[in-house]
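The sequence lines fix the lettering, A, B, ..., with proteins before strands; numbering per chain opens at 1. Every heavy atom of this structure was used, including side-chain atoms; hydrogens, water molecules and symmetry mates were not.
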Protein chains: 2
Amino acid sequence: MDGQSAKPDREGEDSALRKRLPPAERRQQIVEEAVRFFAEVGLEGKTRELARRLGVTQSLIFNYFATKDDLIEAVYEKVYIGRLSLDWPERLTDRSVPLRQRLIDFYTEYSALIFEREWMRIFMFSGLAGASLNHRYLEHLGEVILRPLLAETKALARTDTPPKMEDVWNLHGGIVYIGIRQHIYRMPEPAKPKEEIARAIDKYLLYFGINSER
Amino acid sequence: MDGQSAKPDREGEDSALRKRLPPAERRQQIVEEAVRFFAEVGLEGKTRELARRLGVTQSLIFNYFATKDDLIEAVYEKVYIGRLSLDWPERLTDRSVPLRQRLIDFYTEYSALIFEREWMRIFMFSGLAGASLNHRYLEHLGEVILRPLLAETKALARTDTPPKMEDVWNLHGGIVYIGIRQHIYRMPEPAKPKEEIARAIDKYLLYFGINSER
DNA sequence: GCTATTAAAGATCATCTGTTCAATAGAATT
DNA sequence: AATTCTATTGAACAGATGATCTTTAATAGC
């Protein structure tokens, strides 16, 4: 029943030798694999399985992270950090560029960042788990991106129904849902995601009577 | 450390006596609580905790379900069945009613059904777990609801850009995202969800130049 | 009221899982 | 080559967890 009971963990697929790495490097390696691993199987993935994938003993993981929660925290940080808060706030409010162009630029870049299986799934797992980072991220997004977007829309709107925050969330949700379908529900990717994003933006702008050149 | 080691499980909150129920009834009771329980903590929730909430021993659960997976399967069925496939397909294609009204009727009813914490979360948990029911549901939705909706839109569209399936998904996603924000990310519910749904629909229709009366 | 039936409890198993720690071995320094 | 340092391993523990099996007792049929 057990062919090799002498080997406890460490089923190194690529085998090779057990390399001795500088701590910083090993730590990074663990976190990177953990991101992939947890994104695939969820945050309840077992440390033994993670160790197996790393080709390392399970106890080594606890040499770098006191508890599993610490590891998950490191995964959150790795995934969340740098995903937002670039120069978008200014660029989104740069009125020398037509709003349509600004929106397309933003969502092209943003979707390139988040329409990625690892991000999408860990975001959803952590959201379901009620992680505070998740809340903070969404609040941050709302304040730093969506609220300014609302202001920009208001400034150009030509209809009697004034734009509301919910309209911006609707635009955002419609676009994000493309990634959810693809990476959470594993449906096929749209043929031309960029084009769908542009159409979503045009629907939004048209509703408020905003011209493409403005 | 343990005040009452003689009682193994069965921390009946409402206490009372160990009632002897007809099997069908007990089974139903277990499934219903399991829906609530798994929706809250995820599909990896422990059977002992579920039993505790039921005020019943853990072993009793396995008297009704051979394995935990069987229980989860029953939860899926309970949650998924009856959530779709009513008379919507016909009503959505009833051209004696303006499309806008049909859309509003549909999404009012549909959102009332799915904007519910249990459904939303179990749908997401099962989607992340790759449950086949999830795929079947979405395919069914696409075929039975969204594709007819596309046909209806095409029939009334007055613009040169023809409506595409992706447009319908965008409409759908934007609306569903309201529920995701509320129940997955636990953000506050919009003040007037119905109104937001109507606005999303109007954006969609306007983009294809479809009049409200048609 | 008595008995056969069967929910439900109680006890326990085998395995899994996070965590700890002493022993080992790879590399750098002397 | 010997020594030192420490990354990594190997082994084990305690508690949890899905599942099984025997025992208890509530209910239905007579």
Which nucleotide wins on minimum distance to the side chain of L21(B), given the candidates dA8(C), dG18(C), dT9(D)? dA8(C)
Measure from the side chain of K68(B), starting at C-beta and using heavy atoms only, and say which of dT9(D), dG18(D), dT19(C) lies closest. dG18(D)
Using the six-membered ring wherever Trp is involved, compare the ring planes of Y110(A) and H172(A) and label them parallel, tilted or perpendicular (cut-offs 30° and 60°). tilted
May I have the distance from E49(A) (atom CD) to dT17(C) (atom P), rounded to whole angstrom? 10 Å
Could you tell me whether Y64(A) contacts a base, only the sugar-phosphate backbone, or nothing, with contacts defined as non-hydrogen atoms closer than 4.0 Å? sugar-phosphate
Compare the minimum distances between each of dG18(D), dT20(C), dT6(D) and the side chain of R20(A), then state the nucleotide with the smallest one. dT6(D)
Verify the ring-centre separation between F115(B) and Y107(B): is it less than 6.0 angstrom? no
Is a donor from one side chain sitting under 3.5 angstrom from an acceptor on the other, for E25(A) and Q29(A)? no
Atom CD of Q58(A) and atom C1' of dT9(D) are separated, to the nearest Å, by 12 Å
Any side-chain donor-acceptor pair under 3.5 Å between Q101(B) and D105(B)? yes
Nearest whole Å is fine: how far is dG18(C) C1' from F38(A) CZ? 12 Å
Out of dA9(C), dG18(C), dT20(C), whichever nucleotide has its closest atom nearest the side chain of T47(A): dG18(C)
Result for side-chain contact (heavy atoms from CB on, under 4.5 Å) between R121(B) and one of V35(B), V79(B), V41(B), I184(B) points to I184(B)
Nucleotide of dT19(C), dA8(C), dT17(D) approaching R48(B) most closely (side-chain heavy atoms): dT17(D)
Tell me whether the side-chain N or O atoms of T67(B) pair up with the base of dG18(D) as donor and acceptor below 3.5 Å, since no angle test is needed here. no
Between dA11(C), dG10(D), dA8(C), which one does the side chain of L60(B) approach most closely? dA8(C)
Testing dT20(D), dA8(C), dA11(D) for proximity to the side chain of N63(B), the answer is dA8(C)
Whole-Å distance separating the CD1 atom of I72(A) from the C1' atom of dT17(C): 13 Å
Measure from the side-chain heavy atoms of P23(B) and tell me the nearest of dA7(C), dA8(C), dT8(D). dA7(C)
Quick one: D69(A) CG to dT17(C) C1', roughly how many Å, whole number? 13 Å
Interatomic distance where CZ belongs to F62(B) and P belongs to dA11(C) [whole Å]: 19 Å
Nearest-Å distance for atom pair CZ/P, residues R27(A) and dT8(D): 14 Å
Without decimals, in angstroms, what is the distance between D70(B) CG and dG18(D) C1'? 13 Å
